[in-house]
Protein chains: 2
Amino acid sequence: MKYNEARHKFIQSWGSLGTSWGISRTMAQIHALLMISPDALTTDDIMKELGISRGNVSMSLRSLIEWGIVYKDYVPGDRKEYYRSEKDVWVLATQVAKERQKRELEPVIRMLNQVKSIEEDSGQKKKIQAFKKITKDLNSFAKQSDQLLNVFTKSEEHWFFSRVKKLFGK
Amino acid sequence: MKYNEARHKFIQSWGSLGTSWGISRTMAQIHALLMISPDALTTDDIMKELGISRGNVSMSLRSLIEWGIVYKDYVPGDRKEYYRSEKDVWVLATQVAKERQKRELEPVIRMLNQVKSIEEDSGQKKKIQAFKKITKDLNSFAKQSDQLLNVFTKSEEHWFFSRVKKLFGK
DNA sequence: ATTAATTTTCAAAAATTTTTGAAAATTCAA
DNA sequence: TTGAATTTTCAAAAATTTTTGAAAATTAAT
């Protein structure tokens with residue numbers, strides 16, 4: 001496979017994967033482009049490479065910076081801003097895990113805590129029983145996942161996978 | 001909090017969470033409704049409870065069945081089909097993990113394997129170097145995650161969280 | 001202060017995804 | 001078979017999300 005073909009495939013695939021990970025196609029494509037770029041890129045570089053609008057690039061970059069996986073660089077004597085991706089895959093993964101924990105897991109835990117205390121209600125014994133059971137179980141699972149994610153995001157790469165694998169006899 | 005309020009909050013929240021987990025609002029709402037229902041429900045029950053169309057219920061249920069988290073029940077002497085959710089949270093979680101592994105993780109690994117072998121190209125040494133480095137690192141991480149997920153989906157509930165937590169000194 | 005370069009904002013347009021609802025298909029009892 | 005009950009399909013409509021692009025804001029050099 002030629003480099004340009006591989007590069008194109010990588011950017012396109014990362015873009016469509018982004019969609020199923022809850023980020024927009026172009027945001028993921030920009031991220032892909034920055035990951036494989038040895039040098040930091042300007043807004044215009046990105047617009048030209050991916051054929052997308054200035055506004056889109058601006059908003060997507062802000063979002064990537066909020067996710068903590070893209071950084072801004074300032075070059076002395078140059079008005080333009082340069083953007084650069086985090087390239088350490090472990091750091092990338094832990095940043096993404098932290099953000100998703102905040103956006104997806106924590107809201108569930110909050111909701112489940114809210115619905116935990118329901119008043120007695122004569123006519124609906126069975127339904128209330130079922131409701132309490134599943135929400136309690138989901139809450140317990142969600143909290144354990146939260147703890148596990150904390151272990152993951154705080155651990156050192158070297159340790160995590162190898163220790164877990166050894167633990168389960170792999 | 002009153003039961004009906006809690007129930008409403010649970011269904012609505014699960015619905016909007018579904019969106020960020022890549023399934024449609026109504027599909028997640030149907031799942032929520034079935035999880036808290038002590039008895040299996042018919043298509044008409046679900047339509048009435050959630051105020052959504054027959055077609056939507058039919059398609060969403062098929063999808064939930066494909067995910068392996070909802071089952072069809074047949075009641076003797078009744079033409080209607082009854083639907084029931086998996087209620088064991090560990091089974092739910094492992095099913096969802098398996099499906100997402102198949103839909104999200106495996107495609108990345110396939111793509112990264114494809115772009116792995118690129119021909120030498122005189123003019124682009126530095127770019128090719130950077131490309132090879134990041135795709136190799138991503139591939140290695142993706143494969144380790146895949147293995148970890150296999151450990152998770154094959155392990156017993158009791159073991160998983162407690163062993164991992166103990167391992168990391170929690 | 002003025003101006004040119006650059007970035008950001010956001011309303012409108014485009015694209016995509018979800019939902020509807022009625023027709024078609026299926027199922028099963030008589 | 002026939003036909004009523006039920007489920008499925010899918011084109012069109014609605015809702016939602018993403019993208020555009022030009023105006024406004026910001027930045028920094030002169």
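Chain identifiers are assigned alphabetically (A, B, ...) following the order of the sequence lines, protein sequences preceding nucleic acid strands; residue numbering begins at 1 within each chain. Reckoned from all heavy atoms, side chains included, excluding hydrogens, waters and symmetry mates.
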Protein-nucleotide distance ([X], atom [atom1]; [N], atom [atom2]), rounded to Å:
X     : N      : atom1 : atom2 : answer
B:M27 : D:dT16 : CE    : P     : 18 Å
A:I52 : C:dA15 : CD1   : P     : 15 Å
B:Y74 : D:dT6  : OH    : C1'   : 12 Å
A:K72 : C:dT8  : NZ    : C1'   : 10 Å
B:N56 : D:dA12 : CG    : P     : 19 Å
B:M47 : D:dT6  : CE    : P     : 12 Å
B:D44 : D:dT7  : CG    : C1'   : 10 Å
B:R25 : C:dT20 : CZ    : C1'   : 15 Å

Quick check on DNA chain D: between A:G55 and A:G77, whose nearest nucleotide comes earlier from the 5' end?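 Nearest-nucleotide comparison on DNA chain D picks A:G55.
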Between [X] and [N], does any side-chain N or O lie under 4.0 Å from OP1 or OP2?
X     : N      : answer
A:S24 : D:dT19 : yes
A:S58 : C:dT7  : no
A:R54 : D:dT19 : no
A:S53 : D:dG21 : no

Backbone N/O of A:A40 and side chain of A:S37: donor-acceptor pair under 3.5 Å: no
Does one side chain, of A:D78 or A:Y74, offer a donor that lies under 3.5 Å from an acceptor on the other?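 No.
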Look at the side chain of B:R79 against the base of D:dT6 and say whether a donor-acceptor pair falls under 3.5 Å; ignore hydrogens and angles. no
Applying a strict under-4.5 Å side-chain criterion to I, L, V, M, F, W and Y, I'd like to know whether B:I30 and B:Y82 cluster together. no
Reported CG-to-OG1 distance for the pair B:D88 and B:T94, which is rounded to 0.5 angstrom: 8.0 Å
Residue mapping more 5' on DNA chain C - nearest nucleotide basis, A:D78 or A:M59: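 Checking each residue's closest nucleotide, the 5'-ward one belongs to A:D78.
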A:E86 side chain reached by A:V70 side chain, heavy atoms, under 4.5 Å: no
